[in-house]
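All remarks here apply to the structure that follows.
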Amino acid sequence: MRVLGLETSCDETAAAVVEVTDAASERPRGRALSDVVHTQAAVHERFGGVVPELASRDHLQRALPIVDEALRRAGCELRDLDGISVTRGPGLVGALLVGVQVGKSLSLASGVPLAGVNHIEGHLLAVLLADDAPAPPWLGLVVSGGHTSLYEVRALGQYRALGHTLDDAAGEAFDKVAKLLGLPYPGGAHIDRLARGGDPRAFDFPRGLSRRSKAAYDFSFSGLKTAVLTQVRERGVPEDLADLCASFQEAVCDALTLRALRAARAARLPALVLCGGVAANSRLRALAAERCAAEGIAAYLPPPQLCTDNGAMIAMAGAHRLARGERASLDMSADPGWRL
Ligand code: KG4
Ligand code: ZN
């Protein structure tokens, strides 16, 4: 089955054509025939965060050319497709609306069936495009700029939320701390790079809720952000950022992996899958692999380009829904607050 995936929920305009085998099964496999991602980082950089109105406008200008490019690189035309899959939510309403309208228009014009999918489901299923993928059940740790959650994937299409962040998303914490240190937006990858030469024990930063038992699988990063802010207020931004970046990053990765493993153990899940932009972080990947190995849990770490927002993961999430007979109607709209 050949599916076009279209993603416009935040600040990436992305389209991909994916060839999916065994799409209706519990272990579909996907191979991207094309994967085009246009990031708006340059549009939002001087504001230090995403400006929703500018995001919508940029999606509007880019969406159709990017779909064309994805089709061209895959060597196919609209009528060769078996499905079109578009992100319906969660995300910025204006940004989502652009993708939803483009998806509906393409479907109406071509007669190709349409699916409207959840962005988080896309992140969870991105692993099915990697060389190595688990069959359900597994535990998904979704860590991105907008989300930090743990989901039990019981079967494809059946998800149970185990925990969420109570304040900032992990990526948001990375980006805010980066801004504080004068690094460009989005700052996660910059902190990752600077942390490599640093000592993660140089600063003893708080681990959020990790020692509290009540919210066993929830996260909190606002205290950590404040601790970095206090440090910078008292002593200024250090010339060499390595130790500060490494210590901050260690606190985030420690809190994330601790809770993920706690949840995997309690729900007896044999595998942990990392997804979302922060899953590209080198320390998070290393620590997750190490802690999983120690507990006999299989760790799946999709390549970074599958972790950050892309159209292929949206195609994958739509493919299994379409293969099972789901169809979105033309009165489908964006759902900015859609909870998986
Ligand atoms: O999944 P994504 O592309 O978009 C959202 O759905 O939010 O995630 C973007 C987030 C940003 O906050 C960015 O700073 C973070 O992922 N990120 C990283 C790294 N690469 C991207 N954070 C830490 N380390 C990285 N290497
Ligand atoms: Zn995302």
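Order of appearance sets the numbers: ligands from 1, and atoms from 1 within every ligand. The analysis underlying the following values was restricted to heavy atoms, covering all of them including side chains, and did not include hydrogens, waters or symmetry mates.
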Sidechain N-carboxylate O distance under 4.0 Å for [X], [Y]:
| X | Y | answer |
| --- | --- | --- |
| D68 | R73 | no |
| R2 | D82 | no |
| D175 | K179 | no |
| E121 | R321 | yes |

Quiz item: By residue and atom, what protein N/O/S atoms are less than 2.8 Å from the Zn ion (ligand 2)?
Solution: H119 NE2, H123 NE2, D309 OD1
For [X] versus [Y], what's the shortest heavy-atom pair and its separation?
| X | Y | result |
| --- | --- | --- |
| P186 | A41 | CD-CB, 4.0 Å |
| G30 | M316 | CA-SD, 3.8 Å |
| L330 | K104 | O-NZ, 3.0 Å |

Practice problem: Show the numbers, then the answer: is there a ring pair (Phe, Tyr, Trp, His ring centres under 6.0 Å) between F203 and F248? | Solution: CA-CA 8 Å; F203 298 86; F248 162 76; over 10 Å; no
Could you go through ligand 1 and note, for every N or O atom, any protein N or O atom closer than 3.5 angstrom, writing the atom names and distance to 0.1 Å, or 'none'?
from, atom 1, to, atom 2, distance (Å)
ligand 1, 1 (O), H123, NE2, 3.4
ligand 1, 1 (O), G277, N, 2.9
ligand 1, 1 (O), D309, OD1, 3.1
ligand 1, 3 (O), D309, N, 3.0
ligand 1, 4 (O), D309, OD1, 3.4
ligand 1, 4 (O), D309, OD2, 3.1
ligand 1, 6 (O), H119, NE2, 3.4
ligand 1, 6 (O), D309, OD1, 3.2
ligand 1, 6 (O), D309, OD2, 3.3
ligand 1, 7 (O), G145, N, 2.8
ligand 1, 7 (O), G146, N, 3.3
ligand 1, 12 (O), G171, O, 3.2
ligand 1, 12 (O), D175, OD1, 3.4
ligand 1, 12 (O), D175, OD2, 2.7
ligand 1, 14 (O), D175, OD1, 2.6
ligand 1, 14 (O), G188, N, 3.1
ligand 1, 24 (N), G188, O, 3.4
ligand 1, 24 (N), N281, ND2, 3.0
ligand 1, 26 (N), D192, OD2, 2.9

Quiz prompt | ILVMFWY cluster, V142 and L129 together (side-chain gap under 4.5 Å) | solution =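 V142 and L129: one cluster.
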